[in-house]
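Worksheet: the structure to be examined is printed underneath.
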4 protein chains.
Amino acid sequence: MSLLHALSVSPGSGEPIYRQLMDQIRRLAAGGQLQPGSEMPSVRELAQALAVNPMTVSKVYSLLELEGVLLRRRGLGMQVADQGAATHGQDERLALLRGTLQRAALEAKQLELEPAAVLALLQQLLEEKP
Amino acid sequence: MSLLHALSVSPGSGEPIYRQLMDQIRRLAAGGQLQPGSEMPSVRELAQALAVNPMTVSKVYSLLELEGVLLRRRGLGMQVADQGAATHGQDERLALLRGTLQRAALEAKQLELEPAAVLALLQQLLEEKP
Amino acid sequence: MSLLHALSVSPGSGEPIYRQLMDQIRRLAAGGQLQPGSEMPSVRELAQALAVNPMTVSKVYSLLELEGVLLRRRGLGMQVADQGAATHGQDERLALLRGTLQRAALEAKQLELEPAAVLALLQQLLEEKP
Amino acid sequence: MSLLHALSVSPGSGEPIYRQLMDQIRRLAAGGQLQPGSEMPSVRELAQALAVNPMTVSKVYSLLELEGVLLRRRGLGMQVADQGAATHGQDERLALLRGTLQRAALEAKQLELEPAAVLALLQQLLEEKP
DNA sequence: GTGGTCTAGACCACT
DNA sequence: GTGGTCTAGACCACA
């Protein structure tokens, strides 16, 4: 159940819903908050909880299965794959964040901001409770 | 003229060309690299320099005019609006980056990364030459 | 369906088609004739009904979304936004007309017309069937 | 000189500058505030006062000459034509306002406003000092 | 099915 | 010269 609350989508964002969901699940798995072998909510259940079209959730599950993050077990639903989860070391997980940070760095340079100010703001945001 | 070289688009990226351009111009204006009152390249000129359809550039200019970043002077061309540019102080510019950093922080938390490691990576990226 | 008949454009008028459409939709929404949450005709459908290029309709929808009058539901279509429609009271709707009336008043003064004559003409025009 | 202050243009408005000017001069002439035979400011003078391109003013004068509102007297500048000015009766002047009022009436209907409220607002605007 | 984006090319209005 | 508008037609992404 806690998974249902950990996941959320913003339909207003420019980012496609299916991609928002994939990214979140991928990160939760890499971060260890989704244990290998644990069961994912059913397509219908997750779709309803997020007020999203079931086909969208289904697409997410299928793509994550292709990636090896999830495992489809016939008649049982999806579960988190062994290699999909927390086996990731700190470096691997950091690599998953690199793209986002690169974008932030680019924007900061274009805004001609002091690195120190940027780092201070990020630190503050990292310390906030989720 | 240097503006023509400061702007660039990657047609291959998933992000629409017009949005890439808008973001760049918006940030260049906020960062003060585009002085208020200075003239923007003509639609045709910029379109040719970027190897892009003039309508795409025109769309960018129109939307930025709606936002108040650019000013249309009929029959003469576009110029950077007074309130569109470098009046922004460091704090205001930092605020423009907040959204991106918030997203990075959220992702870092989901990946259960150490704040120190995240900050170190960002610092490294900020120091790289553009 | 009735919406398709409520909307119309005159391509011959000097006013751009997309602007004619925007104005009409904006006013229909403010006047309550377009209920919040109700679905707009699809781009292709409206384009065909008006004998207009789909891109023109698409532009209208995009700009009205920026204004907050319409809401984009990805893959599903556009609907009238909650705050875009009939929550407007008589006073707010009157405010939307103020600019036009101000212009009329200015012109009347420049023509040195008697207020009574102007009001009589407007009253007559208001009573005509649309 | 008072003419220079009676005329004004808003470059930000959607309406073309040359049309704004033409309409204003036409109305001032019809309303009698521009007496037949009186001299118009020179192109250069008016252009400077309005911060507008001289070619634009020149276009305005030429078009109004075609309409018979102004008269070009070689070496002397433009002056208001006899038939261009206050010979207009109240009915003719009212007719010049009809288009604007028709537009206002259309908008009022689309906004579903009470005629009485619209008339009251216009009356108030007509009574304000210019 | 939906809207979004881009192209190529034409024509118009304004200064 | 400038930007604005529209068309026709293509392709893509999303639900």
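First the proteins, then the strands, lettered A, B, ... as listed; each starts at 1. Everything numeric here is computed off the predicted structure, so don't read it as measured data.
Taking atom CD of residue B/Q79 and atom P of nucleotide E/dT15, one finds them 15 Å apart after rounding to whole Å. The interatomic distance linking B/L63 (CG) with F/dT5 (P) rounds to 12 Å, in whole Å. Look at CG on C/L50: it is 15 Å from C1' on F/dT7, rounded to the nearest Å. Summarising the geometry, the separation between CZ on B/R19 and P on E/dT5 is reported as 7 Å, rounded to the nearest angstrom. Spacing between atom CE of A/M22 and atom C1' of F/dA13 amounts to 14 Å, rounded to whole angstrom units. Counting to the nearest Å, the P atom of F/dC11 and the CD1 atom of B/I17 are 17 Å from each other.
Atom CZ of C/R74 has more than 12 heavy atoms from other residues, nucleotides or ligands within 6.0 Å. Annotation for D/R72: atom CZ counts as buried by contact number, over 12 foreign heavy atoms lying within 6.0 Å.
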> For DNA chain F, what is the dot-bracket line, given that a base pair needs Watson-Crick (N1 to N3, plus N6-O4 or O6-N4) or G-U wobble (N1-O2 and O6-N3) geometry with both distances under 3.5 Å, and | means paired with another strand?
Replying inline: ||||||||||||||.
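Side-chain contact between B/R103 and A/E15 is present, with heavy atoms from C-beta onward closer than 4.5 Å.
Taking both residues in full, the closest heavy atoms of D/Y61 and D/L46 are given as OH-CD2, 3.5 Å, listed atom of the first, atom of the second, then distance. Smallest separation of non-hydrogen atoms from B/M40 and B/V80: SD-CG2, 4.0 Å.
C/Q24 places a side-chain N or O within donor-acceptor distance of the main-chain N or O of C/S8, the cut-off being under 3.5 Å.
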Pairwise N/O distances under 3.5 Å, protein to nucleotides 8-10 of chain E:
unit_1, atom_1, unit_2, atom_2, d
E/dA8, N7, B/N53, ND2, 2.7

Short heteroatom pairs, N/O only, protein and nucleotides 2-4 of chain E, under 3.5 Å:
unit_1, atom_1, unit_2, atom_2, d
E/dT2, OP1, C/S42, OG, 3.3
E/dG3, OP1, C/V43, N, 3.1
E/dG3, OP2, C/V43, N, 2.9
E/dG3, N7, C/R44, NH1, 2.8
E/dG3, N7, C/R44, NH2, 3.3
E/dG3, O6, C/R44, NH2, 3.1
E/dG4, OP2, C/S58, OG, 3.1

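Along DNA chain E, the nucleotide nearest B/T56 and the nucleotide nearest D/T56 are compared for position; the residue whose nucleotide lies closer to the 5' end is B/T56.
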>> For a side chain to side chain contact (heavy atoms under 4.5 Å, CB included) check, start with the C-alpha distance between C/N53 and C/T56, then their side-chain angles and the critical distance, and finish with the verdict.
In response: CA-CA 5 Å; C/N53 188 297; C/T56 304; 3.9 Å; yes
